[in-house]
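Notes to accompany the following structure.
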2 protein chains.
Amino acid sequence: MLIQLNFKSGKPVYLQVVDQIKSAAASGVLKPGEALPSIRPLAEELRVNRNTIAKAYAELESQGVIESRHGKGCFLADNHSPLKKEIRRKMLIEEIDQAVVQAHNLQFSREEFLALVNERCDTLEEKRNQHRGGQS
Amino acid sequence: MLIQLNFKSGKPVYLQVVDQIKSAAASGVLKPGEALPSIRPLAEELRVNRNTIAKAYAELESQGVIESRHGKGCFLADNHSPLKKEIRRKMLIEEIDQAVVQAHNLQFSREEFLALVNERCDTLEEKRNQHRGGQS
DNA sequence: CTTAGTGTCATAGACACATATGACAGTAAG
DNA sequence: CTTACTGTCATATGTGTCTATGACACTAAG
């Protein structure tokens, strides 16, 4: 479980932690029931205040991604709270739009853009498979 | 010149404006010496405070991307040569990857994702055409 | 029991972001 | 000149982020 922070992006640290743990959960790097790094050690490793990590974990729990047990630790939930399709669709559209706008700003043609999207789907899929295989 | 804001990302609005104008400048969509949207109309269009846009433009000027002339407007600086394809490709890949990961996290199949990407390309293209038509 | 590790709660302060609003100065067209 | 646009500066307010710190409760191991 590796978390990489970018202090220059302007994106809040606790949200970066939330997103990366959600990605790790969805991609299989973290398995259901598995323990997450404890708040204080993780805060020390990332060199942020323990409240920042606690806030990230609280957010993750409110989203149903993890479960925290007092005195024991935080664990990945068994099933990621299934959001309704329409909600998930809107969340995804936000990300897609940013990529489409970026493609337009950088003067990529639609065909080039779609080809690149396909390529990245392949690349990231391979990455996930490597992670699954390396966990045995 | 289309700017797309994401208010839920956690990334400061003024930085989103900075990044997107820098992309447009780097790719050649904005040409050296060309006028940028005025602060107040752009703020109104994006539905943010004029100070937010002013802050973005001030940041761009401090980075040498644009020049602002009191009473006239803001203009793209002269020395901004278009970036090479490989650089632009990497910038685009960063955005694409975020969308691909999000699609996976939200449990969209590859086919659903690609269909949605196509849909958004259409939608945003129409939006741009409407903007161009409304400008004449 | 004690000890150490865990999550949780509360308080306070510093700073950044975004807002609302007013005012001033430069530019251009009438 | 006036008018309308432009960028700029200043002030104030509310919210969010991050930090620092102390305290408490739960769990497990000794």
Side-chain angles (χ1 to χ4, degrees), chain A residues 1 3-22 25 30 33-78, chain B residues 1 3-22 25 30 33-78 134-135:
Chain A
M1 188 57 215
I3 294 182
Q4 191 86 11
L5 295 183
N6 182 354
F7 293 98
K8 297 178 184 176
S9 72
K11 187 168 184 175
V13 171
Y14 87 98
L15 282 182
Q16 294 185 41
V17 174
V18 166
D19 289 347
Q20 291 188 36
I21 289 185
K22 284 170 76 174
L30 285 175
E34 187 175 347
L36 276 75
S38 297
I39 289 179
R40 271 167 256 224
L42 180 57
E44 192 175 357
E45 178 188 340
L46 299 178
R47 296 181 184 180
V48 298
N49 191 270
R50 70 190 192 214
N51 294 341
T52 303
I53 304 300
K55 186 174 184 177
Y57 279 18
E59 174 68 18
L60 285 166
E61 187 175 26
S62 75
Q63 292 184 21
V65 178
I66 72 175
E67 293 176 0
S68 62
R69 300 173 197 169
H70 207 146
K72 300 186 72 176
C74 292
F75 305 84
L76 194 63
D78 293 330
Chain B
M1 190 58 218
I3 293 181
Q4 185 89 7
L5 294 184
N6 181 351
F7 292 97
K8 298 178 184 176
S9 71
K11 186 168 184 175
V13 171
Y14 86 98
L15 281 182
Q16 294 185 41
V17 174
V18 167
D19 288 347
Q20 291 188 36
I21 289 184
K22 283 171 75 175
L30 285 175
E34 187 175 346
L36 276 74
S38 297
I39 289 178
R40 272 168 257 224
L42 179 57
E44 191 175 357
E45 178 188 337
L46 299 179
R47 296 181 184 179
V48 297
N49 191 271
R50 69 190 193 216
N51 294 340
T52 302
I53 303 301
K55 185 173 185 178
Y57 278 19
E59 175 66 19
L60 285 166
E61 187 175 26
S62 75
Q63 292 184 20
V65 179
I66 72 175
E67 292 176 359
S68 62
R69 299 172 198 169
H70 205 148
K72 300 186 71 177
C74 292
F75 305 85
L76 194 63
D78 294 331
Q135 279 178 349

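A, B, ... follow the sequence lines: proteins, then strands. Residue 1 opens every chain. Side-chain atoms are counted along with the backbone in the values below, which use heavy atoms only and exclude waters and symmetry mates.
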On a heavy-atom basis, the closest approach of Leu15(B) and Gly10(A) is CD1-CA, 4.1 Å
Going 5' to 3' through nucleotides 12-20 of chain C and flagging B where a protein heavy-atom sits under 4.0 Å of the base, S where only the sugar-phosphate is that close, and - otherwise, we get -----SSBB
- Message: Distance criterion of 3.5 Å, no angle test: do you see the side chain of Arg40(A) paired donor-to-acceptor with the base of dG7(C)?
- Response: yes
Separation of dA20(D) atom P from Ile53(A) atom CD1, nearest Å, is 13 Å
Separation of dT6(D) atom P from Glu44(B) atom CD, nearest Å, is 11 Å
*Across the strands shown, which category fits Glu61(A) at heavy-atom distances under 4.0 angstrom: base, sugar-phosphate, nothing?*
sugar-phosphate
Heavy-atom closest pair (Ala56(B) atom, Val18(B) atom, distance to 0.1 Å) is O-CG2, 3.5 Å
Only residue of Ile3(B), Leu46(B), Asn6(B) satisfying side-chain contact (heavy atoms from CB on, under 4.5 Å) with Gln16(B) is Asn6(B)
To the nearest angstrom, the CG-P distance between Leu42(A) and dT6(C) comes to 11 Å
Paired with Tyr57(B), the side-chain contact (heavy atoms from CB on, under 4.5 Å) test is passed by just one of Ser68(B), Ser38(B), Ser62(B), Pro37(B), namely Pro37(B)
In whole angstroms, the gap separating P of dT6(D) from CD of Glu67(B) amounts to 19 Å
Between CG of Leu46(A) and P of dT19(D) the distance, given in whole Å, is 10 Å
Heavy-atom nearest pair, Val13(B) first then Thr52(B), reads CG1-CG2, 3.8 Å
Looking only at heavy atoms, the pair that brings Leu30(B) and Leu76(B) closest together is O-CD2, 3.2 Å
Look at the side-chain N and O atoms of Lys72(A) and state whether any lies under 4.0 Å from the OP1 or OP2 oxygen of dG5(C).
no
Rounded to whole Å, the CZ-C1' distance (Phe75(A) to dC26(D)) equals 13 Å
When rounded to whole Å, the OH to C1' distance for the pair Tyr57(A) and dC9(C) reads 19 Å
### Task
Check if the side chain of His70(B) and the base of dG26(C) share a donor-acceptor pair of N or O atoms closer than 3.5 Å.
no
note: Ile39(B), atom CD1; dC9(D), atom P; distance rounded to Å ~ 10 Å
Any side-chain N or O of Ser68(B) under 4.0 Å from OP1/OP2 of dT8(D)?
yes
On DNA chain D, more 5' by nearest nucleotide between Pro41(B) and Gly71(A) is Pro41(B)
| Does any non-hydrogen side-chain atom of Lys55(B) lie less than 4.5 Å from one of Glu59(B)? | no
